[in-house]
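Below: the structure, in structure tokens.
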Amino acid sequence: MVYANEAAARLVGYPSARALLEAPLQEVLQKFDITDEFGQPFPLSDLPGRRALQGERSPETLVRFRQVETGEERWSVVNATPVFDEQGRVRLAVNLLRDITEHKRAEEEIRKLNEQLEQRVRRRTVQLETFNREFEAFSYSVSHDLRAPLRSIDGFSQILFLEDHAEELDEDGKDYLERVRAASQRMAQLIDDLLNLSRLVRSEMRHEKVDLSTLVEGLAEELKQSEPRRPVEFIIEGGLVVEGDRRLLRVALENLLRNAWKFTGKQPRAKIEFGVSEHEDTPAYFVRDNGVGFNMAYADKLFGAFQRLHSVNEFEGTGIGLATVQRIIHRHGGLVWAEGQVNHGATFYFTL
């Protein structure tokens, strides 16, 4: 060796460049087990510096140096270039060693973390599959075992009220039976809504181009046909195309539009608008109405299952619709929120 800098000395465990230059090269190399990146021994004749002394320009080679005495490992990217004299003979070889030990340690740490993460994901997948099987069994039980007594309650109440004992009941009795029937039917609807909500959460998503404007136009037409005599003005911005699951997005929009339709029911000049604005440099799609609105102090309750800001006597429903909307938007990686004012309408926003 005719030259070495301080970094080279530190890399091979010498106190200074002078001490490294005073040591025979063979002595330096014998202090290390030298292997390639796969742990295979590196023949000294194949080291880039040796090959450069034979006139070969060496590509970058990853080399691991392990000190025989201490076991400490250092990783280095090595390349070597021959230097020729005027006669074209090799005069010397320049070795460049770039210490990447910390980088390799970080890689190893990441590899271990990834292995741990994969193990956790596998365990979580098994747990999730177990949960899904249990939930399927629960859903089956809810769908079949709970419906049967509800059908009995509703059916026998109807027999008492309309068929066998109608003449024996006074007005109070008939009123009570009507309430029993209404409650059982409402419970059946709650069961249906819960099952539908669970299916939405667990169903596989399909990503495709979805024209939201066209979906809203079709849903608006369905609402108009459901109450043809009701005058409602729809304002729908065209050309709003997104990437997402068409089926799920249709369910979300249907719930938002039906809400707007329902809560504008007492408005003589009802108006429902669908469009897009901007929220933190992201498109925010919205459904706006001029209906009864809501108090913003209770906005955090809107998207919870069974949370209602209006009584059943005022507006029908089970309180599942907005919870369904939130889950669908979250599955698309988006956000959903609402703004409103009592008797001045509401606006529901979502991003995707």
**Message:** Holding to side-chain hydrogen bond (donor to acceptor under 3.5 Å, both in side chains), I want the full list of residues that pass it with Ser226, two or more places apart in sequence or in another chain.
**Reply:** none

**Prompt:** Is it true that Glu72 and Arg74 have a side-chain N and a carboxylate O under 4.0 angstrom from each other?
**Reply:** yes

**Item:** Minimal non-hydrogen separation, Ala52 against Ala80, with atom names
**Value:** CB-CB, 3.7 Å

**Fill in**
Closest heavy-atom pair, Asp245 versus Met205, reported as atoms and distance to 0.1 Å, is OD2-CA, 3.4 Å

**Asked** Under the salt bridge (charged side-chain N to carboxylate O under 4.0 Å, His left out) criterion, do Arg250 and Glu222 qualify, and how do the steps go?
**Response** CA-CA 13 Å; Arg250 188 185 192 283; Glu222 290 178 13; 2.8 Å; yes

**Message:** On a heavy-atom basis, which atom in Met1 and which in Ala23 lie closest, and how many Å separate them?
**Reply:** CE-O, 3.8 Å

**Request:** Check whether Ile34 and Tyr14 end up in the same hydrophobic cluster, where Ile, Leu, Val, Met, Phe, Trp and Tyr are linked by side-chain heavy atoms less than 4.5 Å apart.
**Result:** yes

**Message:** Looking at Phe84, I'd like to know if its CZ atom is crowded, meaning that more than 12 non-hydrogen atoms belonging to other residues, nucleotides or ligands lie closer than 6.0 Å.
**Reply:** yes

**Asked** Charged N to carboxylate O under 4.0 angstrom, Glu254 versus Arg258?
**Response** yes

**Request:** Taking atom CZ of Arg111 as the centre, report whether more than 12 heavy atoms of other residues, nucleotides or ligands fall under 6.0 Å from it.
**Result:** yes

**Request:** May I ask you to check whether over 12 heavy atoms, not counting those of Lys104, lie within 6.0 Å of atom NZ?
**Result:** yes

**Request:** Quick one: do Thr35 and Arg64 satisfy side-chain hydrogen bond (donor to acceptor under 3.5 Å, both in side chains)? Show the steps, please.
**Result:** CA-CA 5 Å; Thr35 61; Arg64 180 172 62 180; 3.1 Å; yes

**Request:** For Arg122, look at atom CZ and say whether over 12 heavy atoms of other residues, nucleotides or ligands are found less than 6.0 Å away.
**Result:** yes

**Prompt:** Can you hop from Leu256 to Leu215 via hydrophobic side chains spaced under 4.5 Å?
**Reply:** yes

**Prompt:** If you draw a 6.0 Å radius around CD in Gln87, do more than 12 non-hydrogen atoms from other residues or ligands fall strictly inside?
**Reply:** yes

**Request:** Before giving the answer on salt bridge (charged side-chain N to carboxylate O under 4.0 Å, His left out), spell out for Arg66 and Asp33 the whole-Å C-alpha distance, their side-chain angles and the decisive distance to 0.1 Å.
**Result:** CA-CA 5 Å; Arg66 188 180 68 85; Asp33 283 332; 2.5 Å; yes

**Asked** Do Arg230 and Trp261 meet the cation-pi criteria used here (NZ or CZ under 6.0 Å from the six-membered ring centre, within 45° of the axis)?
**Response** yes

**Asked** So does Asp85 pair up with Arg91, basic N to acidic O under 4.0 Å?
**Response** no

**Message:** What verdict does the salt bridge (charged side-chain N to carboxylate O under 4.0 Å, His left out) test give for Glu6 and Arg10, after you've listed the backbone C-alpha separation in whole Å, the side-chain angles of each residue and the deciding distance to 0.1 Å?
**Reply:** CA-CA 6 Å; Glu6 297 298 328; Arg10 290 194 299 271; 5.3 Å; no

**Request:** Could you tell me which non-hydrogen atom of Ala4 sits nearest to which non-hydrogen atom of Leu20, and how far apart they are?
**Result:** CB-CD2, 3.7 Å

**Asked** Is a side-chain donor-acceptor pair under 3.5 Å present for Gln67 with Thr70?
**Response** yes

**Request:** Using the ring of Phe286 (Phe, Tyr or Trp, six-membered ring only), decide whether Arg288 places NZ or CZ under 6.0 Å from its centre and within 45 degrees of its axis.
**Result:** yes

**Request:** Could you tell me how the ring of His279 sits relative to the ring of Trp337: parallel (under 30°), tilted (30 to 60°) or perpendicular (over 60°)?
**Result:** tilted

**Item:** Check against salt bridge (charged side-chain N to carboxylate O under 4.0 Å, His left out), Asp289 and Lys271
**Value:** CA-CA 6 Å; Asp289 66 68; Lys271 182 167 68 174; over 6 Å; no

**Message:** Under 4.0 Å between a side-chain nitrogen and a carboxylate oxygen: does that hold for Glu108 and Arg105?
**Reply:** no

**Asked** Can you name the closest pair of heavy atoms from Val232 and Ile272 and give their distance?
**Response** CG1-CD1, 4.0 Å

**Item:** Mutual orientation of the aromatic rings belonging to Tyr285 and Phe274 [parallel < 30°, tilted 30-60°, perpendicular > 60°]
**Value:** parallel

